[in-house]
There are 2 protein chains.
Amino acid sequence: MQLSNTSQYAIRILAYIADQADSPLVNATQLSQRLHIPYKFLTKIMTTLVKKDLILSIRGKEGGYALKRDSSEIMVGDILDIFNDSIQDEQCVLGIGFCNGMCKCALHDQWMEPKHLLQKMFRESSLKDIAGRGCKI
Amino acid sequence: MQLSNTSQYAIRILAYIADQADSPLVNATQLSQRLHIPYKFLTKIMTTLVKKDLILSIRGKEGGYALKRDSSEIMVGDILDIFNDSIQDEQCVLGIGFCNGMCKCALHDQWMEPKHLLQKMFRESSLKDIAGRGCKI
DNA sequence: TTCAATTACTATCTTAAGGTAGTATTAATA
DNA sequence: TATTAATACTACCTTAAGATAGTAATTGAA
């Protein structure tokens, strides 16, 4: 049970850029090297983040990437949403079609509390909150 | 972020069998139909569970499957272990190589509590605890 | 002893995630 | 304007999960 590679990469990328708030633009080569993410895969993710309006990109010489909004306004949950990796309210831990009060799965009750904590963690952690915390390898 | 299909199936299968403690054996056709799991995929999972000693199988006419141990002694975590889907102590939510006190990821602190709750949920829920709870579709 | 019902085994197909390659486009600067 | 350094686009390759197909082995019972 874990986040997809792509989601993990995206969070680390965005946190890294948030961390470099002083330097205006960060480029793909630097991100790839510092975060150990394959260059071509990274640029694919970046293009997605640009289309989803989390990232601003400048093409051409001296170009690069920057956050499009303030780091306090980009939540980890927003990132997971893009890659369909966030936890939905109705999400059943055992994957049965319709898991609620009427017809709930065997683990429904046990799942509620960790699910809410995870959702809270993703919803309430902004890039500003998590940037600058330890290493980003 | 969710369990693999295979893990979800395995938990539902085992909980269903635990639930039928009165009837001696349950067969693959019944499991497949009641739980809506593709027959051939289900039998593949069953064979794995037999090899891992969670399930006892009887071949031939009148054959089928039964739990090999008491339902109170099979934990959800044991099932996830088999399919490499359990949450390890050192597991980093952002997938960086080595995430601990020395070199921790940006989400390390926020991840601790939900991680422990999930581990607890998986470690402490036995088939006996969860059998007979609602529908198993 | 034959038949039918069952699990086990082996091989293959399908799909999506993860990753790579090559080329086109953009823009600063010499 | 030519060069260079950057992102964007399109297409493809690789791998593992999920699923399927066919056959072999086992066993109870007619």
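The model shown is predicted, which means the values in this text are computed figures rather than measured ones. In what follows, chains carry the letters A, B, and so on, assigned in the order in which the sequence lines appear, proteins first and then strands, with residues in each chain numbered from 1.
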Heavy atoms under 4.0 Å, any strand shown: does Ser4(B) hit a base, just sugar-phosphate, or nothing?
-> sugar-phosphate
State, to 0.1 Å, how close Ile17(B) and Tyr65(B) come at their nearest heavy-atom pair, and which atoms those are.
-> CD1-CB, 4.3 Å
What's the CD1-C1' distance between Ile55(A) and dA8(D), to the nearest Å?
-> 15 Å
Measure from the side-chain heavy atoms of Tyr9(A) and tell me the nearest of dA4(C), dT4(D), dG19(C).
-> dG19(C)
Using a cut-off of 4.0 Å on non-hydrogen atoms, how would the nucleic acid contact of Ser57(B) be classed: base, sugar-phosphate, or nothing?
-> sugar-phosphate
May I ask you to say what Thr29(A) touches in the nucleic acid, namely base, sugar-phosphate or nothing, with a heavy-atom cut-off under 4.0 Å?
-> nothing
Reckon Tyr65(B) touches a base, only the sugar-phosphate, or nothing at all at heavy-atom distances under 4.0 Å?
-> sugar-phosphate
Which is true for Phe83(B) with a 4.0 Å heavy-atom rule: it touches a base, it touches only sugar-phosphate, or it touches nothing?
-> nothing
Tell me, with the steps shown, if Leu14(A) and Leu49(A) meet side-chain contact (heavy atoms from CB on, under 4.5 Å).
-> CA-CA 9 Å; Leu14(A) 287 159; Leu49(A) 295 174; 4.0 Å; yes
Whole Å only: how far is the CD atom of Glu62(B) from the P atom of dT6(C)?
-> 7 Å
Output yes when at least one side-chain N/O atom of Lys51(A) is less than 4.0 Å from OP1 or OP2 of dC9(D), else no.
-> yes
Do Ser32(A) and Gln30(A) meet the criterion of a side-chain donor-acceptor pair at a distance under 3.5 Å?
-> no
Take atom CG of Asn27(A) and atom P of dT7(D), then tell me their distance rounded to the nearest Å.
-> 5 Å
Asn5(A) CG to dT14(D) P: how many Å, rounded?
-> 19 Å
Would you mind checking if Glu73(B) and Arg69(B) are paired as a salt bridge, meaning a charged N to carboxylate O distance below 4.0 Å?
-> no
Just how far, in rounded Å, is P of dT7(C) from CD of Gln30(B)?
-> 10 Å
Could you say whether Gly60(B) or Ser7(A) is positioned toward the 5' end of DNA chain C, judged by the nucleotide with the nearest heavy atom to each?
-> Gly60(B)
Does a nitrogen or oxygen in the side chain of Tyr39(A) sit under 4.0 Å from OP1 or OP2 of dT7(D)?
-> yes
Compare the minimum distances between each of dA19(D), dC9(C), dG19(C) and the side chain of Thr47(B), then state the nucleotide with the smallest one.
-> dC9(C)
Would you indicate which nucleotide in dT7(D), dT6(C), dG19(C) comes nearest to any side-chain atom of Ala28(A)?
-> dT7(D)
What distance do Lys104(A) atom NZ and Met112(A) atom CE have between them, rounded to the nearest 0.5 Å?
-> 9.0 Å
For dA17(C), does either OP1 or OP2 sit under 4.0 Å from a side-chain N or O belonging to Asn84(A)?
-> no
Side chain of Lys44(B) (C-beta onward), nearest among dG18(C), dA4(C), dT20(D) = dT20(D)
From CZ of Phe41(A) across to C1' of dA8(D) the rounded distance in Å is 16 Å
Atom-pair distance (NZ on Lys40(A); P on dT23(C)), nearest Å = 10 Å
Does a side chain donor of either Gln119(A) or Asp89(A) reach within less than 3.5 Å of an acceptor in the other side chain?
-> yes
Mark yes or no for a side-chain to base donor-acceptor pair under 3.5 Å between Arg59(B) and dT6(C), with no hydrogen or angle criteria applied.
-> no
Take atom CD1 of Ile45(A) and atom P of dC9(D), then tell me their distance rounded to the nearest Å.
-> 16 Å
Taking only side-chain nitrogens and oxygens of Thr43(B), does any of them come within less than 4.0 Å of OP1 or OP2 of dT7(C)?
-> no
